[in-house]
Amino acid sequence: MDIENTAELRLLIECARGGSLTAASREMGITPAAASAMLKKLEARLGVRLAERSTRALRLTAAGERLRDYAQRALELLDEGLALVTEGDDAAAKGRGATALRGRIRVSASSDLTRRIVLPLLDDFLDRHPGIELQLNVGDALQDVVRDEVDLALRYGELADSRLVARKLHDGRRLLVASPDYLKRHGRPSHPGELTQHECIRFKIGDRLEREWRFWRRDAMQAAPVDVTVQGRRTADDGGIAHQWALEGRGLTYKSCLDIRESLASGALVEVLPDWVGRTMPLHALMPSQRFLPQRLKALVDHLAEGLRR
């Protein structure tokens, strides 16, 4: 074992967080000289340079960042294990049936899904577990779960990254929807081909603009789908904005049934082609590693899965 104690790992984490040995030493309650000696000793023992230093700043090397990522997760697991052990004994002594969850969870999720579905579930989880700290990143741009140190990403669609562990939380499809006001003013299409005559609110992810919407007949799912090239004056890279435009009667949009279920239930949006369905849109919980998943992360995924089934 090349790591002599957890202080070395904590030093690496604090160096990355504070950007200097002085900031790291202050957080750890040691002198800058002691912090510098500890870092040099660790580098010598590992035979690799972990940080680039200047008179005012410190920046981790690629090797340092890689070790820092594992160190952070290892220490979080250790802290959680110690809490489970000590609080488990305390809970047993006091007659309680469960131990408390502790630690930080970094979650990434799309905007519309978060605001309309996930946020209440996250708030409920935090209310149940006061020892949990949540860092929530909301946006429709796809993050690199490993590089950006995301513990849990909620993503629609099929999976491509073999480095990730996935659990399916919901299995749905896209639906074509519009407000009653839009349909009253512009009429209701009866076939996907008629969408070329309508204002369509399109969605963009990164540099990719969705130009085609695909549909299958509900009573003939094995038949070839119908692809329609759609046009519209409104394009957004935020699903929540596309949803809002549809609510305001600005056009038709092609959304996951999960994102729009409340708007459909209230009648604010209506399904436009009830005899047709769009592309599959499974929702997955993505995690960076199958090994040593913290109990708090497993508990959150279970909580989200249960909430989405309701």
Side-chain angles (χ1 to χ4, degrees), residues 69 72-73 76 101 103-129 132-161 163-175 177 201 203-206 208 210 236-247 253-265 269 278-290 293-310:
D69 181 43
Q72 188 161 312
R73 296 181 185 280
E76 287 177 355
L101 298 176
R104 180 175 58 228
I105 304 178
R106 296 164 290 257
V107 178
S108 172
S110 61
S111 60
D112 209 21
L113 175 71
T114 300
R115 292 184 176 92
R116 299 180 185 277
I117 303 294
V118 172
L119 195 57
L121 298 176
L122 294 175
D123 287 335
D124 182 49
F125 186 78
L126 291 175
D127 289 341
R128 295 186 188 190
H129 304 287
I132 294 295
E133 173 192 342
L134 176 69
Q135 290 186 358
L136 179 60
N137 182 286
V138 178
D140 292 322
L142 296 181
Q143 283 189 284
D144 186 307
V145 173
V146 176
R147 184 194 64 208
D148 296 332
E149 299 180 7
V150 174
D151 297 309
L152 173 64
L154 303 178
R155 288 186 184 166
Y156 283 118
E158 301 303 326
L159 305 178
D161 195 334
R163 299 173 300 168
L164 305 179
V165 178
R167 176 177 172 183
K168 186 179 289 187
L169 299 179
H170 183 267
D171 205 356
R173 286 183 175 271
R174 286 191 176 191
L175 300 176
V177 295
I201 301 167
F203 191 60
K204 185 178 181 181
I205 301 178
R208 184 174 63 85
E210 288 189 332
D237 64 356
D238 184 307
I241 292 176
H243 193 155
Q244 186 61 36
W245 277 337
L247 290 170
T253 196
Y254 185 64
K255 291 279 290 177
S256 162
C257 60
L258 185 59
D259 285 356
I260 57 176
R261 69 181 183 185
E262 291 184 355
S263 295
L264 289 174
L269 292 177
R279 295 180 184 273
T280 57
M281 284 293 284
L283 177 67
H284 291 93
L286 303 183
M287 293 155 282
S289 175
Q290 195 166 9
L293 289 180
Q295 186 62 36
R296 61 183 178 276
L297 185 55
K298 295 177 183 177
L300 176 56
V301 173
D302 287 342
H303 180 78
L304 293 173
E306 179 184 353
L308 291 171
R309 282 196 298 268
R310 294 198 294 265

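The figures that follow rest on heavy atoms only: side chains count, while hydrogens, waters and symmetry mates do not. Because the structure is a prediction, the values reported are computed rather than measured.
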(message) With side chain to side chain contact (heavy atoms under 4.5 Å, CB included) as the criterion, how do K255 and L269 come out once you've worked through the C-alpha distance, each side chain's angles and the decisive distance to 0.1 Å?
(response) CA-CA 11 Å; K255 291 279 290 177; L269 292 177; over 6 Å; no
(request) Quick one: do Q295 and L101 satisfy side chain to side chain contact (heavy atoms under 4.5 Å, CB included)? Show the steps, please. (result) CA-CA 7 Å; Q295 186 62 36; L101 298 176; 3.9 Å; yes
Is it true that [X] and [Y] make a salt bridge, defined as a side-chain N closer than 4.0 Å to a carboxylate O?
| X | Y | value |
| --- | --- | --- |
| R106 | D151 | yes |
| D124 | R128 | yes |
| E210 | R174 | yes |

Is there a side-chain contact between [X] and [Y], using heavy atoms and a 4.5 Å cut-off?
| X | Y | answer |
| --- | --- | --- |
| I105 | R296 | yes |
| V177 | S263 | no |
| V118 | V107 | no |
| R173 | M281 | no |

(request) Please report the C-alpha distance between L300 and I132 in whole Å, then the side-chain angles of each, then the deciding distance to 0.1 Å, and finally whether the side chain to side chain contact (heavy atoms under 4.5 Å, CB included) criterion is met. (result) CA-CA 10 Å; L300 176 56; I132 294 295; over 6 Å; no
[X] [atom1] to [Y] [atom2] distance, which is reported to the nearest 0.5 Å:
| X | Y | atom1 | atom2 | result |
| --- | --- | --- | --- | --- |
| L286 | L154 | CG | CG | 8.0 Å |
| S111 | R116 | OG | CZ | 9.0 Å |
| L247 | T253 | CG | OG1 | 10.0 Å |
| L258 | L175 | CG | CG | 11.0 Å |
| L119 | D123 | CG | CG | 4.5 Å |
| L308 | L169 | CG | CG | 6.0 Å |

Minimum heavy-atom separation for [X] and [Y], please, with both atom names.
| X | Y | value |
| --- | --- | --- |
| A236 | W245 | CB-CZ3, 3.9 Å |
| L121 | I117 | CG-O, 3.7 Å |
| D112 | G239 | OD2-O, 3.6 Å |
| D237 | F203 | C-CE1, 3.6 Å |
| C257 | G172 | SG-CA, 3.8 Å |

(request) Would you please say whether a donor-acceptor pair under 3.5 Å links the side chains of S256 and Y156? (result) yes
(message) Pair R167, D302 - check side chain to side chain contact (heavy atoms under 4.5 Å, CB included), show working.
(response) CA-CA 10 Å; R167 176 177 172 183; D302 287 342; 2.5 Å; yes
